[in-house]
Amino acid sequence: MQTIILISEKGGGILFWNKKSKAKKAKKPEVQYKMTKAEKKRAKQRRKIAEARKKKFIGQPGFTSDKGYVEFDGYIHEYNGRYVSVFDVLVQYGTHNPEVIGWLTKLIPTQQLKDGDIYFAYREKGMSKGTENEIFSKKLHSRKVTMLNSEESTDERENSKKRLELEDIQLTNELAKNEHIVDSDISLVVWADTPEQLKKTVDELRQNYKDSGIPGFMIVRKIFKQKEELFSLFNKISANKWHNADMESVAASRLFLPSSGFVDPQGVYVGEDLESLLYNNSSIIDFNGIRHAVVITGGTSVRYSLNGLEYPIETNRSGSAWAHVIAEDNYLVNGKRTHHINLVPFDYHAPNSKVLDMQKYTLNTLEVYGTKENVEVDANDNFEKVTEIIMMLLGENAVSSDQYANIRGMLKEQLIDWVIKRAGGNGIYTLDPQNEPTRAWRILATEQHQNYPTIGDFVLELDSVVARERKVGENAGDRAQLLLRAVKTAVNQYPQVFNAKTNIPDKFTYYDRNIYYDLSKLSNNRVVKGAMFLNTLSYVANRAMPGDMIVIHGLDSVTVSPRILKPYREKMDEKGIGLITTLEERDNKEMNIKTLNSFIYPLSTQDLVVLGGLTPDSLKDINYSWNKELSKRVRDELLANANSRFYVYRARDLLGTVIDTHLIL
């Protein structure tokens with residue numbers, strides 16, 4: 001029997017027709033062969049072995065040995081300690097008609113499979129001239145006549161399929177004037193550690209298609225061709241009745257991987273896919289649902305256009321440009337606010353914005369932005385923050401390593417004692433927040449910012465501390481004097497941090513969907529800017545509402561201890577606040593994806609990762625954070641440090657590709 005299979009240009013209908021062979025029926029032999037006693041004995045032994053195997057393993061027919069498969073079946077093979085099997089993938093007629101270019105990427109499952117690994121191979125080759133002539137001159141006409149003369153079915157679904165099939169035959173006749181037929185097939189290769197897991201992987205893949213609402217993909221078991229198919233994947237097409245034949249233009253529209261990356265039906269243009277099999281193929285990415293992302297640019301610039309205009313602008317703040325594109329859906333689609341903490345300059349601001357130039361706006365370091373329910377934790381975090389900021393501005397060279405711990409401990413102890421007993425007159429906190437909640441709540445920020453004490457007021461407290469410590473001993477007095485001098489210096493040099501009242505708006509309007517806290521112009525000193533960033537992050541993490549998003553632009557442009565950042569990440573996680581972080585310098589030894597692990601979290605946990613120019617050192621940090629190595633093709637592309645070339649990886653569908661980037665802001 002001969003079977004010809006065509007796929008419609010509109011995207012995947014499979015068309016079958018059969019021709020019965022006219023070969024004469026073979027005659028039965030007059031005398032049947034009789035087995036010898038030895039042959040009967042061997043056959044009986046084989047039956048017993050087969051029955052014993054079936055009792056030991058319960059599964060799909062063919063899995064009957066102690067190891068879960070039959071050696072002579074050819075269904076699976078053992079290779080390097082793992083098990084492998086090859087299947088055909090067929091597409092039911094009419095289930096993907098019409099479709100867009102690259103629709104076969106739907107074969108890639110939307111979630112990671114648990115029990116095994118899968119690979120798809122899509123292959124094409126030209127059909128022989130003789131076979132093509134037979135199809136065009138005989139088969140198509142014969143099938144068309146048969147269908148036209150057949151009676152209409154009572155099942156409307158069958159009638160609908162017949163009409164689509166007739167339309168495809170007519171279209172094929174038109175295409176036959178200038179095109180040839182292409183043989184193609186899709187193979188599924190499955191690897192697993194055990195035969196049972198191999199079977200579970202196939203079942204899981206089928207369930208994945210069902211859960212995702214993707215119809216029509218049939219996974220067909222091969223028999224006796226496993227090894228042959230496995231070793232011929234890259235050099236041979238299986239052109240037989242189980243595979244597809246398409247017109248040239250149809251085959252192009254069915255390309256399995258026109259892009260190894262993104263062709264989302266709803267998304268934004270971000271540039272051209274450098275790994276696409278199609279020339280100038282666009283990358284269209286849907287960023288909706290991306291809550292946690294990391295952008296590491298390695299100093300590589302990027303092209304972008306404003307408002308969709310054609311002319312490109314190039315900026316070395318490529319992380320900020322990417323962050324805006326990624327975060328856009330948070331306020332456009334989800335209706336939540338995005339809080340941008342700008343540590344590096346970037347002039348673009350999204351629509352519906354409020355821009356707070358932190359040269360003009362201030363945040364009182366002592367004010368605690370938190371909740372009554374969590375006041376004790378919030379107060380302790382703020383004491384730690386204030387202590388850290390003062391010690392940062394004191395400078396690592398101002399005190400020796402032995403003095404540092406003593407001075408830090410003294411500072412925190414005196415600060416807490418002052419806040420509880422004397423700040424604002426009679427203190428604004430309590431030693432026992434559990435039993436004195438009303439007194440504890442006084443430390444929480446209100447709209448009456450003018451009534452709140454500042455670190456400047458704390459300086460007077462430290463004068464008395466020096467006198468008291470002098471009585472203890474000369475060393476204690478010297479430490480207290482050093483501490484007093486450090487705090488006074490900080491207050492005088494940075495009054496907007498230590499001696500100013502909060503003047504940031506207490507309320508945002510409905511239209512303030514993007515809030516920008518611009519610290520980029522405050523100081524060129526990385527430590528000073530780090531202290532101001534820490535104060536701002538504390539405010540933003542506590543003020544942001546559940547479901548909001550925080551974007552930190554250029555976190556590696558400041559110096560701050562990751563240890564002190566960790567409580568604010570935990571606060572963000574509790575409130576379901578998303579975090580997009582950009583790292584825009586090249587080979588920063590202090591602030592990078594490895595050292596900031598406790599705050600940013602590893603790359604392997606992110607919804608989206610964007611990588612730009614790499615160096616050997618940054619590559620090591622990235623591989624460490626991702627817990628895997630970047631592929632050679634990606635490494636080679638990014639190590640070249642070409643402008644506007646970025647690798648984008650999205651975790652939800654495991655898609656990734658290198659893009660010649662052109663962003664639209």
Side-chain angles (χ1 to χ4, degrees), residues 259 261-274 281-353 355 513-516 548-555 578-584 603 606-613 638 643-653 655-665:
S259 162
F262 305 94
V263 285
D264 297 339
Q266 303 291 331
V268 295
Y269 172 81
V270 295
E272 294 177 0
D273 189 341
L274 293 178
N281 191 48
S282 298
S283 277
I284 309 295
I285 305 182
D286 182 359
F287 292 106
N288 189 26
I290 301 298
R291 301 290 298 158
H292 303 286
V294 174
V295 182
I296 302 175
T297 69
T300 303
S301 63
V302 70
R303 285 174 292 132
Y304 71 94
S305 294
L306 293 174
N307 303 317
L309 299 178
E310 293 300 323
Y311 68 90
I313 302 170
E314 191 164 301
T315 177
N316 60 351
R317 297 304 178 192
S318 48
S320 293
W322 268 109
H324 275 92
V325 174
I326 297 167
E328 188 176 56
D329 274 343
N330 187 60
Y331 71 95
L332 288 181
V333 177
N334 303 323
K336 298 292 186 179
R337 282 196 177 90
T338 302
H339 302 262
H340 297 260
I341 303 178
N342 288 88
L343 302 174
V344 291
F346 190 66
D347 293 336
Y348 173 80
H349 300 116
N352 299 327
S353 296
V355 181
R513 312 308 297 178
N514 292 275
I515 314 298
Y516 290 84
D548 282 0
M549 182 173 285
I550 295 175
V551 180
I552 302 175
H553 300 257
L555 180 54
L579 176 64
I580 297 175
T581 312
T582 80
L583 303 172
E584 307 197 24
L603 292 178
Q606 305 297 322
D607 299 327
L608 188 85
V609 175
V610 179
L611 302 177
L638 298 186
N643 285 340
S644 285
R645 299 214 169 167
F646 292 89
Y647 173 68
V648 182
Y649 173 83
R650 186 171 61 191
R652 68 173 176 240
D653 42 17
L655 291 181
T657 190
V658 178
I659 298 171
D660 185 10
T661 306
H662 185 165
L663 302 175
I664 308 297
L665 299 181

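Along the sequence shown, the residues carry numbers beginning at 1. Since we're looking at a predicted model, the values are computed, not measured.
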Tell me whether Asp548 contacts the main-chain N or O of Lys336 through its side chain, where contact means a donor paired with an acceptor under 3.5 Å. no
Looking at every heavy atom in both Ser318 and Ser301, which two are closest together, and how far apart are they? CB-C, 4.1 Å
With side chains defined as the heavy atoms from C-beta onward, is the minimum distance between Trp322 and Thr661 less than 4.5 Å? yes
Nearest atoms (heavy-atom pairs only) where Ala323 meets Val551: CB-CG1, 3.7 Å
Do we see a donor-acceptor contact under 3.5 Å between the side chains of Asn514 and His349? no
Can you find a pair of side-chain heavy atoms, one from Phe262 and one from Ile284, that are under 4.5 Å apart? no
Side-chain touch Thr582/Thr297, heavy atoms, less than 4.5 angstrom: no
From OH (Tyr331) to OG (Ser353), nearest 0.5 Å: 6.5 Å
Can you find a pair of side-chain heavy atoms, one from Ile664 and one from Val325, that are under 4.5 Å apart? no
Measure the shortest side-chain to side-chain distance between Arg303 and Asp660 over non-hydrogen atoms and say whether it is less than 4.5 angstrom. yes
Side chains of His662 and Ser644: any donor to acceptor distance under 3.5 Å? no
Could you check Thr338 against Ile580 for side-chain contact (heavy atoms from CB on, under 4.5 Å), going step by step and ending with a plain yes or no? CA-CA 10 Å; Thr338 302; Ile580 297 175; over 6 Å; no
Check the pair Val648, Thr657 against side-chain contact (heavy atoms from CB on, under 4.5 Å), reporting the backbone distance first and the verdict last. CA-CA 6 Å; Val648 182; Thr657 190; 5.6 Å; no
Could I get the full list of side-chain hydrogen bond (donor to acceptor under 3.5 Å, both in side chains) partners for Asp653, not counting sequence neighbours? Arg650
Evaluate the criterion side-chain contact (heavy atoms from CB on, under 4.5 Å) for residue pair Val609 and Ile296; output intermediate values, then yes/no. CA-CA 8 Å; Val609 175; Ile296 302 175; 5.9 Å; no
Taking the six-membered ring where the residue is Trp, are the ring centres of Phe346 and His324 under 6.0 Å apart? yes
Closest non-hydrogen atom pair between Ala350 and Tyr516, with its separation: N-OH, 2.8 Å
When rounded to the nearest 0.5 angstrom, what distance separates CD1 in Ile659 from CZ in Arg645? 12.0 Å
Atom pair OG1/CD of Thr315 and Glu584 - distance to nearest 0.5 Å: 8.0 Å
For residues His553 and His340, report the shortest heavy-atom separation together with the two atoms involved. NE2-ND1, 2.9 Å
Closest non-hydrogen atom pair, Phe646 against Thr300: CZ-O, 3.9 Å
Within a strict 4.5 Å, meaning less than it, do heavy atoms of the Leu555 and Ile341 side chains meet? no
Under a 4.5 Å cut-off applied to non-hydrogen side-chain atoms, are Arg652 and Asp286 in contact? yes
Pairwise distance OG(Ser283) to CD(Glu272) - rounded to 0.5 angstrom: 8.5 Å
Report the distance from atom OG of Ser305 to atom CG of Leu665, rounding to the nearest 0.5 Å. 8.5 Å
Between Asn330 and Phe287, is there a side-chain heavy-atom distance shorter than 4.5 Å? no
After noting the C-alpha distance and the side-chain angles of Arg337 and Ile515, does the key distance pass the side-chain contact (heavy atoms from CB on, under 4.5 Å) rule? CA-CA 8 Å; Arg337 282 196 177 90; Ile515 314 298; 4.2 Å; yes
Please find the pair of heavy atoms, one from Ile326 and one from Val610, that lie closest to each other, and give the distance. CD1-CG2, 4.3 Å
Can you tell me how far apart CG (Leu603) and OH (Tyr649) are? Round to the nearest 0.5 Å. 11.0 Å
Results of salt bridge (Lys or Arg N to Asp or Glu O under 4.0 Å) for Asp329 - residues two or more places apart only: none
Output all residues satisfying salt bridge (Lys or Arg N to Asp or Glu O under 4.0 Å) with Arg291, sequence neighbours left out; order by chain, then residue number. none
